[in-house]
Peer 1: 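I have a structure here, written as structure tokens, and I will follow up with some questions on it.
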2 protein chains.
Amino acid sequence: MALKTSSYLILGLVRGGMNSGYAIKRFIEEQRMSVFWATTFAQIYPELSDLEKAGYLTHREDPHGARPRHAYTLTAKGERALMSWLRRSRIPPMELRDEGLLRLAFADNLSRKEAISLIRRLRARSEEAEREFRESIIPTGEALQALGLRYPLVIGRMGAEYHAWAVKHFTQLEAEVLDDEPR
Amino acid sequence: MALKTSSYLILGLVRGGMNSGYAIKRFIEEQRMSVFWATTFAQIYPELSDLEKAGYLTHREDPHGARPRHAYTLTAKGERALMSWLRRSRIPPMELRDEGLLRLAFADNLSRKEAISLIRRLRARSEEAEREFRESIIPTGEALQALGLRYPLVIGRMGAEYHAWAVKHFTQLEAEVLDDEPR
DNA sequence: GGAAGCATGTAAAGTGTTACATGATTTT
DNA sequence: AAAATCATGTAACACTTTACATGCTTCC
């Protein structure tokens, strides 16, 4: 079985104490890991059982009353796989899909007024994202830091600072477009 | 037929004068539009013929010697569809998939030395991306600006500046990690 | 004459999302 | 008593990538 990136996502989260499918999904959403690696239940549950079949995970039953729950842990093989992935020297290029930037790339088809309105909406999108990072991801990151985990906070700060940068960038772009062909 | 984002990508490029499948692909690669919306021949060719069947495009034969070539143009319906997409008020959230950031999120599992090596490789990746933007995408953007197209250059500059920001960010992060738990 | 680039496509496999399906527990 | 949250999964559909398949033209 060849492991995909989403397999390592799951191994990493199980290693970090998220031992059920539900807990994995919740952590990804709460910590906005979905920003750089989104996933769904329909991927997580089959992947957990595939990883177990292939010997990277084991689980025990961990019911909560009559509600069933599976508590997964890494096997030695799972630990080795996770660590060797983390240590790989090659980092694949990041993949971005952004309809907003795609529309900006075609903004020559728009009137100046319309282009400015698009730029403003792009800025508003980043403003909102920055707020979310500051108000919910960073605080969770700080809580995790108290438990000895530093990198969730590092990622949260990076997200907030990136969007702050984007807001500045779009503000400046708006000024340039307003300025450049005055009429 | 419901149009997807990649349909609009193709409509936008045909509108911009890239009238064959091959020309579309080449422009996406050269102008590194693939950075925010990647695609392949296996998507472009079927999409062109679907868009034609649905009345958004027409083509005429435009052979180059004995080598066949299709020259597509937008129909009135295609123009309307493209413009109404560009003017839509809602901008979907950007989607990022970055194995590098995912590994950084799990860097608590690494030794300090290993974490620093990961951060350095992330910085190197952005350095290289910045260089590519400055050396090839921005110059092409400048050429297009001379033809009255401003936004390809806007996008090129944004890419270069983003990666410059990321380089600074990773440099600072490396210093923090080195500093923080001195041994 | 060979390599690089131009040009169009299909088939199969892989990956990911949405909708569906079910039921228990906790909070309001 | 209802709503929100916890918990696990499947089926169908949509989308994307990789590999294959072919042949012409231009540059060195």
Side-chain angles (χ1 to χ4, degrees), chain A residues 1-10 13-14 18-30 33-54 57 59-72 92-93 95-99 102, chain B residues 1-10 13-14 18-30 33-54 57 59-72 92-93 95-99 102:
Chain A
M1 182 203 186
L3 299 190
K4 331 165 233 178
T5 304
S6 46
S7 316
Y8 293 109
L9 168 63
I10 286 174
L13 289 174
V14 171
M18 270 51 74
N19 53 14
S20 72
Y22 193 86
I24 286 170
K25 183 71 188 332
R26 202 182 30 187
F27 187 86
I28 290 171
E29 298 309 321
E30 263 169 28
M33 289 185 79
S34 51
V35 166
F36 51 88
W37 209 277
T39 191
T40 60
F41 284 131
Q43 277 181 278
I44 292 168
Y45 287 116
E47 186 66 26
L48 279 168
S49 74
D50 290 351
L51 285 169
E52 181 163 32
K53 254 177 240 139
L57 294 174
H59 86 273
R60 59 184 174 77
E61 298 302 322
D62 181 29
H64 194 49
R67 190 203 288 152
R69 184 163 54 176
H70 308 324
Y72 286 89
E95 288 166 48
L96 180 62
R97 299 220 119 185
D98 191 346
E99 199 185 303
L102 186 59
Chain B
M1 183 201 183
L3 299 190
K4 332 165 231 181
T5 304
S6 46
S7 316
Y8 294 109
L9 168 63
I10 286 174
L13 289 174
V14 171
M18 270 51 73
N19 54 13
S20 73
Y22 193 85
I24 288 170
K25 183 70 190 328
R26 202 181 31 186
F27 187 86
I28 291 171
E29 298 309 321
E30 263 170 27
M33 289 184 79
S34 51
V35 165
F36 51 87
W37 209 278
T39 191
T40 60
F41 284 131
Q43 277 181 277
I44 292 168
Y45 287 116
E47 187 66 27
L48 280 168
S49 74
D50 290 351
L51 285 169
E52 182 163 32
K53 254 177 241 142
L57 293 175
H59 86 275
R60 59 182 174 79
E61 297 303 320
D62 179 29
H64 194 49
R67 189 203 289 152
R69 183 164 54 178
H70 308 324
Y72 286 89
E95 287 165 47
L96 180 63
R97 299 219 119 185
D98 191 345
E99 199 185 304
L102 187 58

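The sequence lines fix the lettering, A, B, ..., with proteins before strands; numbering per chain opens at 1. What you see is a predicted model, and the numbers here were worked out from it, not measured in a lab.
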Peer 1: Going by the rule ring-ring contact (aromatic ring centres under 6.0 Å, His included), which residues pair with A:Y8 if we only count those two or more places apart in sequence or in a different chain?
Peer 2: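 Listed in chain order: A:W85.
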
Peer 1: For A:K4 and C:dG16, give me the distance from atom NZ to atom P, rounded to whole Å.
Peer 2: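 My rounded result for the distance is 6 Å.
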
Peer 1: Which residues pass the salt bridge (Lys or Arg N to Asp or Glu O under 4.0 Å) test with A:E29, sequence neighbours left out?
Peer 2: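 For A:E29, the residues satisfying salt bridge (Lys or Arg N to Asp or Glu O under 4.0 Å) (neighbours in sequence not counted) are A:K25.
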
Peer 1: Taking for each residue the nucleotide of DNA chain C with the nearest heavy atom, is it A:T39 or A:A66 whose nucleotide lies nearer the 5' end?
Peer 2: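 This one resolves to A:T39.
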
Peer 1: May I have the distance from A:I44 (atom CD1) to D:dC6 (atom P), rounded to whole angstrom?
Peer 2: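 So the CD1-P distance, A:I44 to D:dC6, works out to 14 Å.
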
Peer 1: Sequence neighbours excluded, which residues qualify as side-chain hydrogen bond (donor to acceptor under 3.5 Å, both in side chains) partners of A:T5?
Peer 2: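 A:T5: side-chain hydrogen bond (donor to acceptor under 3.5 Å, both in side chains) contacts with B:E99.
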
Peer 1: Taking CD from B:E47 and P from D:dA14, how many angstroms apart are they, rounded to a whole number?
Peer 2: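 Going from B:E47 (CD) to D:dA14 (P), I get 14 Å.
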
Peer 1: Return the angle between end axes of the helix from C:dG1-D:dC28 to C:dT28-D:dA1, with five pairs used per end and rounding to 10°.
Peer 2: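 Inter-axis angle at the termini of the helix from C:dG1-D:dC28 to C:dT28-D:dA1: 40°.
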
Peer 1: With 3.5 Å as the limit, what N/O pairs link the protein to nucleotides 3-9 of chain C?
Peer 2:
{"from": "C:dG5", "atom 1": "N2", "to": "B:R67", "atom 2": "NH2", "distance (Å)": "2.9"}
{"from": "C:dC6", "atom 1": "OP1", "to": "B:R26", "atom 2": "NH1", "distance (Å)": "3.4"}
{"from": "C:dC6", "atom 1": "OP2", "to": "B:Y22", "atom 2": "OH", "distance (Å)": "3.1"}
{"from": "C:dC6", "atom 1": "O3'", "to": "B:R67", "atom 2": "NH1", "distance (Å)": "3.0"}
{"from": "C:dC6", "atom 1": "O2", "to": "B:R67", "atom 2": "NE", "distance (Å)": "3.2"}
{"from": "C:dA7", "atom 1": "OP1", "to": "B:R69", "atom 2": "NH1", "distance (Å)": "2.5"}
{"from": "C:dT8", "atom 1": "OP1", "to": "B:H70", "atom 2": "N", "distance (Å)": "3.0"}
{"from": "C:dT8", "atom 1": "OP2", "to": "B:G21", "atom 2": "N", "distance (Å)": "3.4"}
{"from": "C:dT8", "atom 1": "OP2", "to": "B:Y22", "atom 2": "N", "distance (Å)": "2.9"}
{"from": "C:dT8", "atom 1": "OP2", "to": "B:Y45", "atom 2": "OH", "distance (Å)": "2.9"}
{"from": "C:dG9", "atom 1": "OP1", "to": "B:H70", "atom 2": "NE2", "distance (Å)": "3.3"}
{"from": "C:dG9", "atom 1": "OP2", "to": "B:H70", "atom 2": "NE2", "distance (Å)": "3.3"}

Peer 1: Test of understanding: with side-chain contact (heavy atoms from CB on, under 4.5 Å), list the residues that count as partners of B:T40, not counting sequence neighbours.
Peer 2: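 For B:T40, the residues satisfying side-chain contact (heavy atoms from CB on, under 4.5 Å) (neighbours in sequence not counted) are B:A42, B:Q43.
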
Peer 1: Within this structure, what is the CD1-CD1 distance for the pair B:I28 and B:I10, rounded to the nearest 0.5 Å?
Peer 2: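 If I round to the nearest 0.5 Å, the distance is 7.0 Å.
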
Peer 1: Nearest-Å distance, CG (A:L9) to P (C:dG16)?
Peer 2: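 For the pair A:L9 CG and C:dG16 P, the rounded distance is 11 Å.
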
Peer 1: Would you please name every residue forming a salt bridge (Lys or Arg N to Asp or Glu O under 4.0 Å) with A:R69, sequence neighbours left out?
Peer 2: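 A:D62.
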
Peer 1: Grab the CG-P distance between A:N19 and D:dT8 for me, whole Å please.
Peer 2: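 Atom-to-atom, A:N19 to D:dT8, this comes out as 9 Å.
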
Peer 1: Atom CD1 of A:I28 and atom C1' of D:dA7: how far apart are they, to the nearest Å?
Peer 2: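 A:I28 atom CD1 is separated from D:dA7 atom C1' by 16 Å.
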
Peer 1: Please state how far atom CG in B:D62 lies from atom P in D:dT25, giving the value in whole angstrom units.
Peer 2: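 For the pair B:D62 CG and D:dT25 P, the rounded distance is 14 Å.
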
Peer 1: Which heavy-atom pair separates B:W37 from B:S6 by the least distance, and what is that distance?
Peer 2: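 Where B:W37 meets B:S6 most closely, the heavy atoms are NE1-CB, 4.0 Å.
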
Peer 1: Using atom CH2 of A:W37 as one end and atom P of C:dG16 as the other, report the distance to the nearest whole Å.
Peer 2: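 Going from CH2 in A:W37 over to P in C:dG16 covers 7 Å.
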
Peer 1: Can you run down the salt bridge (charged side-chain N to carboxylate O under 4.0 Å, His left out) pairs that involve residues 1-10 of chain B, sequence neighbours left out, and say none if there aren't any?
Peer 2: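 Listed once each, the pairs are B:K4-B:E47.
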
Peer 1: Is there a side-chain polar atom (N or O) of A:Q43 under 4.0 Å from OP1 or OP2 of C:dT15?
Peer 2: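 No, because none of the side-chain N or O atoms of A:Q43 sits under 4.0 Å from OP1 or OP2 of C:dT15.
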
Peer 1: Who pairs with B:H59 by ring-ring contact (aromatic ring centres under 6.0 Å, His included), at least two apart in sequence or on another chain?
Peer 2: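 Only B:H70, B:Y72 meet the ring-ring contact (aromatic ring centres under 6.0 Å, His included) criterion with B:H59.
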
Peer 1: C:dT15 phosphate, OP1 or OP2: any side-chain N/O from B:R97 under 4.0 angstrom?
Peer 2: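 B:R97 to C:dT15 OP1/OP2: no side-chain N or O under 4.0 Å.
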
